[in-house]
Peer 1: 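Before we start, here is the structure in question, set down as structure tokens.
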Amino acid sequence: MPFYQGGPDPQAPRKSKKKLKFSIVGVAVVALIAGGVVLAGKDEAAAAEVGDCMSVGNPTSSTDPDLKIVDCGDSKAAYKVAEKKDSGTCDITKYATYRESGRGDDFTLCLSKLKK
């Protein structure tokens, strides 16, 4: 039998709080990076809402005009979203039409030309 002298009980070694902090920070950094990648890859045409102004980054392409949401006062703003439809077409006498389908988001943007 071991001899006990009556001093304080030996304490278990403390777990390092640094490891926990590094783990939490690491998870947060990975989540932020993943969120940034998702946002950077998001199609801005799909995110557009009525009233948003759009720039056209690739005006010579009829299949991928590279629409971007911009401030309506921006010099690059070319169109304003007049209507957004889940399906259907726009009145071509009033609007330019952008239709997207096949990527999970099927929609049509009816775009009015901004007067400058």
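Here the structure is a predicted model, which is why all the values come from computation and not from measurement.
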Peer 1: What distance separates Cys72 SG from Leu114 CG, expressed to the nearest 0.5 Å?
Peer 2: 6.0 Å
Peer 1: Identify, with sequence neighbours excluded, every residue that meets side chain to side chain contact (heavy atoms under 4.5 Å, CB included) alongside Thr93.
Peer 2: Asp91
Peer 1: To the closest 0.5 Å, what do you measure between CG (Leu67) and CG (Leu111)?
Peer 2: 6.5 Å
Peer 1: Ring of Phe107, cation from Lys85 - is the NZ or CZ under 6.0 Å from the centre and inside 45° of the axis?
Peer 2: no
Peer 1: Quick one: which residue pairs count as a disulfide (SG to SG under 2.5 Å) with a foot in residues 73-102, not counting sequence neighbours?
Peer 2: Cys90-Cys110
Peer 1: For Ala77, does its backbone N or O pair with a side-chain atom of Ser55 as donor and acceptor, under 3.5 Å?
Peer 2: no
Peer 1: Tell me, with the steps shown, if Tyr98 and Thr108 meet side chain to side chain contact (heavy atoms under 4.5 Å, CB included).
Peer 2: CA-CA 6 Å; Tyr98 173 77; Thr108 301; over 6 Å; no
Peer 1: According to side chain to side chain contact (heavy atoms under 4.5 Å, CB included), who are the partners of Ala48, at least two apart in sequence or on a separate chain?
Peer 2: Asp52, Met54, Ile69, Val81, Leu109
Peer 1: Can you tell me how far apart NZ (Lys80) and OH (Tyr95) are? Round to the nearest 0.5 Å.
Peer 2: 11.5 Å
